[in-house]
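If you read the sequence from its start, that first residue is 1, and numbering goes on from there.
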Amino acid sequence: MGPRYAEDTMFCPFCRHPDSRVVDSRTSDDGTSIRRRRQCPNCGRRFSTTETASLNVVKRNGVLEPFSREKIISGVRKACQGRPVTDGDLAVLAQKVEEAVRASGTSQIEANDIGLAILPPLRELDEVAYLRFASVYQAFDSLEDFEASITQLRDEHRDRVRTPRSVDE
């Protein structure tokens with residue numbers, strides 16, 4: 001086994017000792033990170049670390065960048081301009097998208113796939129914003145593309161209205 005490198009080592013923030021013992025581990029409320037309580041065997045002091053699985057986005061030009069909920073929010077905010085959508089709504093949408101993307105189990109995802117993952121929760125949130133966003137990510141080329149999408153939304157809306165829900169739902 002080769003030598004350990006600095007990026008592989010958890011240094012104590014107090015005495016810089018290159019080792020620590022995990023005392024407690026807890027998953028965050030949203031399930032995307034793990035908080036670990038550690039103790040240094042050298043100085044005995046305790047400290048916390050947060051671990052997350054890295055998720056990178058492969059942009060169209062091939063460049064990798066870390067996944068960002070903020071970029072999701074800013075992109076969707078443009079489609080929601082003038083619509084009754086709050087910042088809280090956008091934060092929930094970004095969380096849903098991240099959960100869906102992380103559920104795929106891959107550490108890299110294409111930027112276009114993230115755009116497509118935004119569509120279902122955005123459609124639930126606001127249909128007009130959905131159409132605006134879909135026109136970019138589904139590459140609408142004509143009025144017929146808009147008409148087809150609107151027809152599909154109407155049919156689904158009609159089906160939801162016709163299907164009565166039972167008392168148990």
Side-chain angles (χ1 to χ4, degrees), residues 5 7-8 10 24-37 48-169:
Y5 297 99
E7 60 268 3
D8 295 338
M10 178 56 58
D24 184 42
S25 292
R26 295 181 186 194
T27 304
S28 66
D29 291 338
D30 64 3
T32 61
S33 63
I34 298 173
R35 181 181 177 271
R36 297 196 194 278
R37 191 76 180 136
S48 295
T49 59
T50 304
E51 300 175 17
T52 58
S54 65
L55 178 60
N56 290 310
V57 178
V58 182
K59 298 183 74 171
R60 289 184 180 108
N61 62 5
V63 173
L64 285 179
E65 70 177 38
F67 177 86
S68 167
R69 282 189 188 180
E70 290 75 31
K71 287 191 90 169
I72 302 261
I73 291 170
S74 69
V76 173
R77 181 174 279 128
K78 293 171 189 164
C80 294
Q81 199 166 12
R83 303 296 305 156
V85 176
T86 66
D87 287 344
D89 293 334
L90 294 176
V92 168
L93 181 137
Q95 180 177 346
K96 287 179 180 178
V97 170
E98 182 174 2
E99 288 170 358
V101 167
R102 286 191 183 276
S104 73
T106 181
S107 64
Q108 292 184 1
I109 187 158
E110 300 283 331
N112 193 59
D113 292 340
I114 292 175
L116 294 174
I118 290 170
L119 292 172
L122 183 56
R123 187 166 82 192
E124 290 175 28
L125 181 62
D126 188 285
E127 290 177 338
V128 172
Y130 163 80
L131 281 173
R132 290 174 178 171
F133 198 85
S135 70
V136 173
Y137 277 90
Q138 292 180 335
F140 287 11
D141 290 327
S142 65
L143 289 176
E144 289 77 22
D145 292 338
F146 278 97
E147 288 173 348
S149 190
I150 290 169
T151 300
Q152 181 181 0
L153 285 171
R154 282 187 179 138
D155 291 346
E156 290 171 6
H157 182 71
R158 203 173 301 123
D159 290 345
R160 282 193 308 258
V161 171
R162 281 189 199 155
T163 308
R165 295 187 176 185
S166 70
V167 177
D168 294 337
E169 285 185 51

Any donor-acceptor pair under 3.5 Å from T151 side chain to E147 backbone: yes
Nearest heavy-atom pair of S33 and T52: which atoms, and what distance? CB-CG2, 3.3 Å
Decide whether E144 and S142 meet the rule of one side-chain donor and one side-chain acceptor closer than 3.5 Å. yes
Please list, one pair per line, the donor and acceptor atoms closer than 3.5 Å that link side chains of residues 127-135 to other protein atoms, with sequence neighbours excluded.
unit_1, atom_1, unit_2, atom_2, d
R132, NH1, A79, O, 2.8
R132, NH1, Q81, O, 2.8
S135, OG, R132, O, 2.6

So P84 and D126, do their side chains get closer than 4.5 Å, heavy atoms only? yes
Find out whether D87 and R77 are in side-chain contact, i.e. whether some heavy atom of one side chain is under 4.5 Å from a heavy atom of the other. yes
dist L143:CG -> I150:CD1 (nearest 0.5 Å) comes out at 9.5 Å
Restricting to side-chain hydrogen bond (donor to acceptor under 3.5 Å, both in side chains), what partner residues turn up for D24, sequence neighbours left out? R26
Is the closest side-chain heavy-atom distance between I72 and L93 below 4.5 Å? yes
Hey, are E65 and K71 close enough for a salt bridge, meaning a charged N less than 4.0 Å from a carboxylate O? yes
Does V57 form a side-chain contact (heavy atoms from CB on, under 4.5 Å) with L64? I'd like the steps, not just the answer. CA-CA 6 Å; V57 178; L64 285 179; over 6 Å; no
Can you list every side-chain hydrogen bond (donor to acceptor under 3.5 Å, both in side chains) pair that touches residues 112-123, not counting sequence neighbours? R123-E156
I need the minimum non-hydrogen distance between V97 and A117, along with the two atoms involved. CG2-O, 3.9 Å
Are R36 and T49 close enough, and set up right, to give a side-chain hydrogen bond (donor to acceptor under 3.5 Å, both in side chains), and what steps lead you there? CA-CA 5 Å; R36 297 196 194 278; T49 59; 5.5 Å; no
Should L55 and S107 count as side-chain neighbours, where that means a heavy-atom distance under 4.5 Å? no
Is there a side-chain contact between C80 and L122 (heavy atoms, below 4.5 Å)? yes
Could you tell me if the side chain of I114 sits less than 4.5 Å from the side chain of I109, heavy atoms only? yes
Taking every non-hydrogen atom, the tightest pair across R35 and S48: NH2-OG, 3.0 Å
If I compare all heavy atoms of I73 with all of A94, which pair ends up nearest, and what's the gap? CG1-CB, 3.8 Å
